[in-house]
Amino acid sequence: PSFWASGGSAAFSKTLWHQLGGFDHIFSPGYYEDQDLGFRAHKRGFKIIWEPKTIVEHASPESTFRRAFSPTNLRYIKERNFLLVHWKNLDLVNLKSNIYHLGSKIFHHPGYLIPTLLALVCLPSVLSFRHREKRFIKLNESAVFAKFV
């Protein structure tokens, strides 16, 4: 079992891909979209399997991203998307804790305010997703995480 299927080396049935909605464009240009998809799949009751014998050749996106973005902007994209995957998928009680810790992180590391503001711009999309997705959820995050402990 795996928590997510790594984007460049994952295989889904077309039906399941469409049912889950594929990668969410909110994560564009990249990073954490595969973890978001995995979180959604598990909460809907699906399983993700890792096959250790599989060999995949995949050019690292790091090289493409490094040409397109400065190291600072790339860090902001990663940090913004890290927040978004949590905001989209955490159960409400843990989301509240996440927001509390986010305030603490910004206080101790003021530079984290920039990716936080970039994530806040996406908040309407996050809230819309959470509203739409709740009818499909079969497992809460505690049940999902219990599978991996």
Side-chain angles (χ1 to χ4, degrees), residues 1-54 56 58-62 64-65 68-69 73-109 111-149:
S2 179
F3 185 70
W4 78 90
S6 184
S9 58
F12 294 84
S13 73
K14 186 176 181 179
T15 303
L16 180 58
W17 179 262
H18 287 294
Q19 189 175 347
L20 292 171
F23 290 141
D24 189 337
H25 70 279
I26 200 170
F27 295 99
S28 183
Y31 292 102
Y32 291 99
E33 67 276 8
D34 47 2
Q35 291 180 10
D36 171 64
L37 186 65
F39 215 141
R40 286 185 276 139
H42 282 291
K43 288 179 86 171
R44 287 183 178 208
F46 295 107
K47 295 178 183 175
I48 298 172
I49 305 300
W50 173 66
E51 174 49 65
K53 296 177 200 161
T54 302
V56 176
H58 177 61
S60 171
E62 289 291 330
T64 304
F65 282 127
F69 301 100
N73 284 341
L74 191 55
R75 188 182 84 239
Y76 290 158
I77 290 165
K78 290 177 182 180
E79 291 171 344
R80 176 199 69 174
N81 289 356
F82 182 77
L83 291 171
L84 290 174
V85 77
H86 288 93
W87 293 356
K88 282 186 65 186
N89 295 290
L90 288 178
D91 292 343
L92 193 55
V93 66
N94 290 326
L95 184 60
K96 289 177 183 176
S97 174
N98 178 273
I99 291 168
Y100 169 79
H101 290 290
L102 176 59
S104 176
K105 184 163 187 166
I106 292 169
F107 179 77
H108 294 292
H109 304 282
Y112 205 72
L113 182 60
I114 293 171
T116 302
L117 292 174
L118 292 170
L120 283 171
V121 168
C122 301
L123 192 57
S125 294
V126 168
L127 295 174
S128 177
F129 164 81
R130 290 179 67 90
H131 178 72
R132 284 189 323 270
E133 188 70 7
K134 65 183 169 187
R135 70 178 179 262
F136 300 112
I137 294 173
K138 294 180 180 175
L139 300 174
N140 66 24
E141 75 184 57
S142 296
V144 169
F145 291 145
K147 294 194 263 181
F148 301 100
V149 180

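What you are looking at is a predicted structure, and each value in this text was computed from that prediction instead of being measured. Any value given below was found using the heavy atoms of this structure, including those in side chains, with hydrogens, waters and symmetry copies removed.
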How far does [atom1] of [X] sit from [atom2] of [Y], to the nearest 0.5 angstrom?
X: Arg40; Y: Lys43; atom1: CZ; atom2: NZ; result: 11.0 Å
X: Glu133; Y: Arg135; atom1: CD; atom2: CZ; result: 8.0 Å
X: Thr116; Y: Tyr76; atom1: OG1; atom2: OH; result: 10.5 Å

Heavy-atom donor-acceptor pair, Asp36 side chain to Tyr32 backbone, under 3.5 Å:
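A pair under 3.5 Å: no.
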
Give a yes or no on whether the backbone of Leu16 and the side-chain of Ser13 come within a donor-acceptor separation of less than 3.5 Å.
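Looks like yes, one N/O pair under 3.5 Å.
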
If you compare all heavy atoms of [X] against all heavy atoms of [Y], which two are closest, and at what distance to 0.1 Å?
X: Ile48; Y: Ala41; answer: CD1-CB, 4.3 Å
X: Leu37; Y: Gly22; answer: CD1-O, 3.5 Å
X: Leu84; Y: Ala119; answer: CD2-O, 3.8 Å
X: Pro115; Y: Leu83; answer: O-CD1, 4.1 Å

Not counting sequence neighbours, which residues clear side chain to side chain contact (heavy atoms under 4.5 Å, CB included) with [X]? List them please.
X: Phe69; value: Pro29, Phe65, Asn73, Leu74, Ile77
X: Ser6; value: Trp4, Ser9, Asp34
X: Leu123; value: Trp87, Leu120, Val126, Leu127

Tell me the side-chain hydrogen bond (donor to acceptor under 3.5 Å, both in side chains) pairs involving residues 16-26, sequence neighbours left out?
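Counting only pairs at least two positions apart or across chains, the side-chain hydrogen bond (donor to acceptor under 3.5 Å, both in side chains) contacts touching residues 16-26 are Asp24-Lys88.
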
Criterion side chain to side chain contact (heavy atoms under 4.5 Å, CB included) on Phe129 and Asn89, from CA distance to verdict:
CA-CA 9 Å; Phe129 164 81; Asn89 295 290; 4.2 Å; yes

Applying ring-ring contact (aromatic ring centres under 6.0 Å, His included) between Phe3 and each of Phe39, Phe46, Trp50, report the one that passes.
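The passing option is Phe39.
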
Just grab all the salt bridge (Lys or Arg N to Asp or Glu O under 4.0 Å) pairs involving residues 95-107, residues at least two apart or on different chains.
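Of all non-adjacent pairs touching residues 95-107, none passes salt bridge (Lys or Arg N to Asp or Glu O under 4.0 Å).
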
Throw together a table of side-chain donor-acceptor distances under 3.5 angstrom for residues 139-149, partners on residues two or more places apart or in other chains.
from, atom 1, to, atom 2, distance (Å)
Asn140, OD1, Ser142, N, 3.1
Asn140, OD1, Ala143, N, 2.8
Glu141, OE1, Asp91, N, 2.3
Glu141, OE2, Asn94, ND2, 2.4
Lys147, NZ, His42, ND1, 3.1

His101 versus Asn98: any side-chain heavy-atom pair under 4.5 Å?
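No, their side chains stay 4.5 Å or more apart.
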
